[in-house]
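In this chain, residues are counted from 1 in sequence order.
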Amino acid sequence: MKTVECRKLPDVLEFGPYRLDTRDQLLFKNGSEVHLTPKVVELLLVLLKNHGHVVEKDDLMRELWPDTIVEENNLTRNISTLRKMLNAESGEDEYIETIPRRGYRFVAEVREVNEPNPITEVTESGHQRAPVASSLAALPEVATREAEATEKRNAPSQTSARAAAGVLKYARPGVLHGSLLLLLVVVLLLWLSRFAWPTQEEKPAGTFPQLRLNRHPTKRGPQIAALSPDGKYVAYAADEFGKQSLYFSQINTDNAKRLMPPAESPYEGLTFAPDGSHLYFTRREVNQLSTLYRLAVLSDEPPQKLVSLRSSSPVGLSPDGSQIAFIREQAAEGVSALLIANTDGSAERKLAERKRPDFFSLTGSPSWSADGRILVFVIGSVANGIRYQLASIELTHDSRLTIHRTQWPWIYQAAWLPGGRELLLLADEQPGGFRDQLWRMTWPEGRPKRITNDLNDYHGISIAADSDALVTVQSNHLSDIWVVPQQTGGRSQRITSYNERQEGLRGLDWTPDGRLVFSLLENGRDQIWSMHADGSQRRDLTLSESADSNNYSPSVSPDGGQVVFVSDRQGQTRIWRMTIDGGQPHPLTEGHDDLGPQVSSDGQWVIYSSAKSGHRALWKVPLAGGPETLVSDLPAEASAISPTGNLIACTWREDVTNLQRKLAVIDLADRQPPRYLALPAGSTWLRWLPNGKALTYNLTRNGLANLWSQTLAGGPPTQLTDLSFENVASFAWSRDGGRLALARAQEIRSVVFINGLK
């Protein structure tokens, strides 16, 4: 079988109006950066370095997914994405030729350019610029860590070259050519000895030849897990009817010891002490600040409260157990900061600060290198559509910062692997972060390789310091759609199968004539379908147009002629519009992580949540297309338009450290100020009753999900349904109020133990 050619790439490859920087894997079109997922960039690189030649499908699969077993449709989707991006303007396939039953060939002319690689500074947005003072608070000028690491790696070769140059300086002219040849041979041997034939202690980064995955037996519904430093024990928080308990057990045994009884508040940042004797974790009570605790795992001592952090993120523990690193967000001021402190809260020090539209990610804890010198963490920006990057700080006296240029649609967490030459990532190469997968990335070069490639979602990374193992929590969602009549004595009817297609999981809505439009998982991507209320006459609306993108959160116009929805096609999460049969798709928004569209009752406007202004807020855009307009600066998470069209309700939180959501009701005509009502913690999804007299939401209590209503006059909420469902993912009332459609959801979670990292 023909193998993929692996010749060395030049610094830059140019074709048509495009320019690909092969060192940083960034693509530009007429000088402007084109945002692509890492896998699509890898695909483009393979095709370009073999331009003019057929690259067979099997070879592409081995090159792009060397350590995973994947289906061919993964390759097909990435080819489709790349083609659509390259041919967006012309509509004709000018670059990639399909060779039936064989593979693909890049047919356009490719120009190779080699450029010098000067030491550059990286701005917070990831772009190069001339050295200037850093914009991060209290930090000096920064040179990229990549350039320093390259200099260190090449130091032996450079020393040898200088020594050989000294010999050449005094050589007779007659032996000059022979000495030059000798120099080249010496340099080549040094390079081969460093990279081509690594010693037993220095294995090539990015190779996990014998990964083994086992499910650790746990109590029901594990949420997060931590692995002891020696890789022999695991601690995890498990859900018990809406509360969480903390357990501890030996790996691959089911004799778990309960460390903490069921409690309302969740556990975060679960981490073992370096000697494995204690667990550190944070808990955040409703309306209270996040608090750091320490708990002995081999005794019955009560947990020790260490410090109230005013933190919004899980805590990263230093290798010696003496310090913590965490993110603190002040939402009202639009500021987030990275801090370190002693475990008792003393000696708190701010390392860096970011202001809107840039931020530190709050999902995963910062990760310390094994020597305690480097912190790795995730940053993001909503300046031009939401993007995430890895960043690091050297904890020397000047705390130097590096921001890696590679941008991702979503990164949940990064953690150091043993040896300090690689990172493990939880990330999604598609916007939304619906299915976080495990990746490994070389350090400091930043070359990602995928480890898992499935329809599961993974939560959290905990890596053993003294073994080759990690634990994570794997989850998979199942959902089906039910129709519940509202008349007394009506019988609920399940109209779709309870399977892994996740029907209705990410939204559903009624048409005026009583059909349903809903989300559905197809070939690893969310698509929008329609059907009759009895489940018949199913039809896909987006699959043929956008098989390689996620399309979800449908909202039907009052006349039933159009559907608005969220789509990440073209690399941006935008609000789109299409006809009720799936035709004439058209983007309505620019794409700043736009979510939750709702069509107004008069069919004129689409209300949605967006980060367009540098933080999440409520916006509107004409259904027919036009400029986007700010409705409210409240950080809206979900919104709903009243049947009369004059009121918008949205849920929001004053601060991310507060679990308590608020309900704001905004008068579009500004005839009265917004009204604010409290909502129970854990409430999701928001819809008006068809009569416009109250708002409804989903709330899970004691392990069962039901719909509740809240009148605008205030007072206690009222339970509307008596269901036996574990969770309701989405719901919608029919236009006449006679029927309720809802997606019953179940999440299957398990602690996964993976070894073979070394």
Please evaluate residues Asp568 and Gln430 with respect to the criterion side-chain contact (heavy atoms from CB on, under 4.5 Å), reporting the C-alpha separation (whole Å), side-chain torsions for both, the decisive distance (0.1 Å), and the verdict. CA-CA 8 Å; Asp568 59 26; Gln430 294 289 326; 3.9 Å; yes
Chi angles and distances behind the salt bridge (Lys or Arg N to Asp or Glu O under 4.0 Å) call for Asp454, Arg435: CA-CA 8 Å; Asp454 52 44; Arg435 282 172 283 276; over 6 Å; no
Phe272 vs Tyr233, ring-ring contact (aromatic ring centres under 6.0 Å, His included): CA-CA, chis, key distance, verdict: CA-CA 10 Å; Phe272 275 92; Tyr233 299 92; 7.8 Å; no
For Thr363 and Val378, run side-chain contact (heavy atoms from CB on, under 4.5 Å): C-alpha distance rounded to whole Å, both residues' side-chain angles, the deciding distance at 0.1 Å, then the answer. CA-CA 9 Å; Thr363 54; Val378 180; 5.8 Å; no
Kindly determine whether Asp468 and Asn755 satisfy side-chain hydrogen bond (donor to acceptor under 3.5 Å, both in side chains), including the steps that lead there. CA-CA 5 Å; Asp468 64 346; Asn755 56 10; 5.0 Å; no
What do the steps show when you test Glu422 against Thr442 for side-chain hydrogen bond (donor to acceptor under 3.5 Å, both in side chains), and what is the final call? CA-CA 4 Å; Glu422 290 182 285; Thr442 57; over 6 Å; no
Criterion side-chain contact (heavy atoms from CB on, under 4.5 Å) on Leu43 and Leu60, from CA distance to verdict: CA-CA 8 Å; Leu43 171 61; Leu60 279 170; 3.9 Å; yes
Apply side-chain contact (heavy atoms from CB on, under 4.5 Å) to residues Gln474 and Tyr458 and explain how you reach the verdict. CA-CA 5 Å; Gln474 183 189 75; Tyr458 293 86; 2.8 Å; yes
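With sequence neighbours excluded, the residues forming a side chain to side chain donor-acceptor pair (under 3.5 Å) with Asp548 are Thr81, listed by chain and number.
A salt bridge links Arg450 and Glu429; the closest N-O separation between the charged side-chain nitrogens and carboxylate oxygens is under 4.0 Å. A salt bridge between Glu63 and Lys49 is present, with a side-chain N of the basic residue lying under 4.0 Å from a carboxylate O of the acidic one. Ion pairing of Glu14 with Arg19 is present here, as a side-chain N (NZ or NE/NH1/NH2) and a carboxylate O approach within less than 4.0 Å. The pair Arg354-Glu329 fails the salt-bridge criterion, with no side-chain N (NZ, NE, NH1 or NH2) lying under 4.0 Å from an Asp/Glu carboxylate O.
Ala464 and Leu227 make their closest contact through CB-CD2, 3.7 Å (heavy atoms, listed as atom of the first residue, atom of the second, distance). When all heavy atoms of Ile327 and Pro366 are compared, the closest pair comes out as CD1-CG, 4.4 Å. The two residues Pro319 and Ser369 make their nearest non-hydrogen contact at CG-O, 3.1 Å. Contact record, Val376 with Ala414: CG1-CB, 3.9 Å, taken as the closest heavy-atom pair. Here the shortest heavy-atom pairing between Ser365 and Gly316 reads CB-N, 3.7 Å. The nearest pair of heavy atoms linking Asp371 to Ile374 is OD1-N, 4.3 Å.
In this structure a side-chain-to-backbone donor-acceptor pair under 3.5 Å is present from Asn50 to Val46. Checking side-chain atoms of Arg616 against main-chain N and O of Asp593 turns up a donor-acceptor pair under 3.5 Å. Between the side chain of Ser361 and the backbone N or O of Ile379, no donor-acceptor pair lies under 3.5 Å. Between the Asn342 side chain and the Asp344 main chain, no donor and acceptor come within less than 3.5 Å of each other.
In this structure, Gln323 CD and Thr343 OG1 are separated by 9.0 Å, a value rounded to the nearest 0.5 Å. With rounding to the nearest 0.5 Å, the separation of CZ in Arg356 from OG in Ser336 is 10.0 Å. Taken to the nearest 0.5 Å, the NZ atom of Lys355 stands 10.5 Å off from the CD atom of Gln330. Annotation: the span from Leu423 atom CG to Leu417 atom CG amounts to 7.0 Å, rounded to 0.5 Å. Taken to the nearest 0.5 Å, the OG1 atom of Thr282 stands 9.0 Å off from the CG atom of Leu270. Note that NZ of Lys350 and CD1 of Ile340 are 13.5 Å apart. Values are rounded to the nearest 0.5 Å.
Side-chain contact between Phe753 and Leu213: absent, with no pair of heavy atoms (C-beta onward) separated by less than 4.5 Å. Using a 4.5 Å heavy-atom threshold, the side chains of Tyr95 and His51 count as separate. Here the side chains of Tyr104 and Leu75 are in contact, with some heavy-atom distance below 4.5 Å. Between Trp439 and Ile451, every side-chain heavy-atom pair lies at or beyond the 4.5 Å cut-off. The shortest distance between side-chain heavy atoms of Ser392 and Leu375 does not fall below 4.5 Å. In this structure the side chain of Asp11 never reaches within 4.5 angstrom of the side chain of Asp21, judged on heavy atoms. Residues Thr22 and Val12 are not in side-chain contact: their nearest non-hydrogen atoms beyond the backbone lie 4.5 Å or more apart. Here the side chains of Trp368 and Leu317 are not in contact, with every heavy-atom distance at 4.5 Å or above.
Outside the 6.0 Å centre-distance limit, the rings of Tyr412 and Tyr388 are not counted as a close aromatic pair. Between Tyr18 and Phe28, a ring centre-to-centre spacing not shorter than 6.0 Å is recorded.
Counted by atom type alone, Ser475 and His459 present one or more donor-acceptor pairs between their side chains at under 3.5 Å.
Applying side chain to side chain contact (heavy atoms under 4.5 Å, CB included) to Leu426 and the options Thr452, Asp457, Ile461 leaves one that passes, Ile461.
Relative orientation of the Trp443 and Trp416 rings is perpendicular, given thresholds of 30° and 60° on the angle between their planes.
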